[in-house]
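Written out below as C-alpha cells is the structure these notes cover.
Basis for what follows: all heavy atoms, side chains included, without hydrogens, waters or symmetry-related copies. Keep in mind that what you see is a predicted model, and the values were worked out from it rather than measured.
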Amino acid sequence: MRKLAFAILISLSATACGGKSGGAYGDFTSIIAVMDPSVWEQVSDTMYSALEPSIRTVRTEKTFMVTFQAPNGPHWDNLKHFRQMLVVGTGDEPWIKDVLAKTRKPVDGPGIYTAYDVWARGQQITLILAPKGQEADAIRAHLPEINDALDSQFREYVRNRMFLSGMDSALTDT
C-alpha cells in the first residue's frame, strides 16, 4: 500500500509541474548548443570564438563554456534539463516546437526568441529560428547579439547573488 501511495504521489507531483522533472542544473556559464549536427559542423569554430571570449579576472578565463548536443543524441534526455541553452532550428523540429510553445514574445518569423522553463524549472533558452537551409548564416548573424544578451543576463545573476548572500562581516574587526 505504501509503494502504491508513493507512486501516486510521484505521478501527481510530475503532473503538477507540467511534466518537468525538476529544476534545471548546470552553471550559468555553461551553454548547451542544440542544433542539427550538419549545422554544428559549419558554425562550431565561429560559435566557440563568439560565445567563449576570454576575460581578465584574477587570471584569464572564458566567460562561458559551450557544449554541443544533437537533439536526438545519446545524452539529450539529460542535457535538455540544463539551465542555459542555445537552440537552433527552423520550427519544424519537435524540440523547436517545445521551445516555441514557451517563448515570451509572439513568434512572427525568423529571429531570436527567449523561452523559460521548457524542459526544467529555472531553465532559460535562447532560440535562433532560421529559414530552412540558412541556419548557419542565421547563427553567424546573431552571435554578437546573443553573446551580449547572455553576458548581461550572467552579470545580472552575479549581482543578484552578491546581494542575496548578504554582507560578509566575519573579518571586519581583524
Does the side chain of [Y] come within less than 4.5 Å of [X]'s, by heavy atoms?
| X | Y | value |
| --- | --- | --- |
| Asp36 | Glu135 | no |
| Asp108 | Tyr113 | yes |
| Gln42 | Arg140 | yes |
| Met35 | Val43 | yes |
| Thr126 | Ile31 | no |
| Ile139 | Thr46 | no |

Residues forming a salt bridge (Lys or Arg N to Asp or Glu O under 4.0 Å) with Glu41, sequence neighbours excluded: none

In sequence, state the C-alpha distance, the side-chain angles, and the governing distance for Leu129 and Leu100, and then conclude on side chain to side chain contact (heavy atoms under 4.5 Å, CB included). CA-CA 9 Å; Leu129 192 60; Leu100 287 172; 4.2 Å; yes

How long is the gap from [atom1] on [X] to [atom2] on [Y], to the nearest 0.5 Å?
| X | Y | atom1 | atom2 | value |
| --- | --- | --- | --- | --- |
| Ile112 | His142 | CD1 | NE2 | 5.0 Å |
| Glu145 | Leu150 | CD | CG | 10.5 Å |
| Thr114 | Lys105 | OG1 | NZ | 7.5 Å |
| Leu51 | Leu143 | CG | CG | 5.5 Å |

[X] and [Y]: which non-hydrogen atoms are nearest, and at how many Å?
| X | Y | value |
| --- | --- | --- |
| Ala120 | Gly23 | CB-C, 3.9 Å |
| Pro74 | Gln69 | N-NE2, 4.3 Å |
| Arg83 | Ala24 | NH2-O, 3.3 Å |
| Arg155 | Asp151 | NE-OD2, 2.7 Å |

Step by step, would you call Val87 with Val118 a side chain to side chain contact (heavy atoms under 4.5 Å, CB included)? CA-CA 12 Å; Val87 179; Val118 175; over 6 Å; no

With a 3.5 Å cut-off and sequence neighbours excluded, list the donor-acceptor pairs that the side chains of residues 92-99 form with protein atoms.
residue : atom : partner : partner atom : Å
Glu93   : OE1  : Thr90   : N            : 3.0
Glu93   : OE1  : Thr90   : OG1          : 3.3
Glu93   : OE1  : Gly91   : N            : 3.0
Glu93   : OE2  : Thr90   : N            : 3.2
Glu93   : OE2  : Thr90   : OG1          : 3.3
Asp98   : OD2  : Trp119  : NE1          : 3.3

Donor-acceptor contact present, side-chain Glu52 to main-chain Val66, <3.5 Å: yes

Can you check whether Phe82's main-chain N or O pairs, donor with acceptor, with Gln123's side chain at less than 3.5 Å? yes

Would Met65 end up clustered with Val34 when hydrophobic side chains under 4.5 Å apart are linked, directly or stepwise? no

Could you label the plane-to-plane angle of the Trp40 and Tyr48 rings as parallel, tilted or perpendicular, counting under 30° as parallel and over 60° as perpendicular? perpendicular

Apply side chain to side chain contact (heavy atoms under 4.5 Å, CB included) to the pair Leu86 and Met47, showing each step before the final yes or no. CA-CA 11 Å; Leu86 173 63; Met47 188 169 291; 3.7 Å; yes

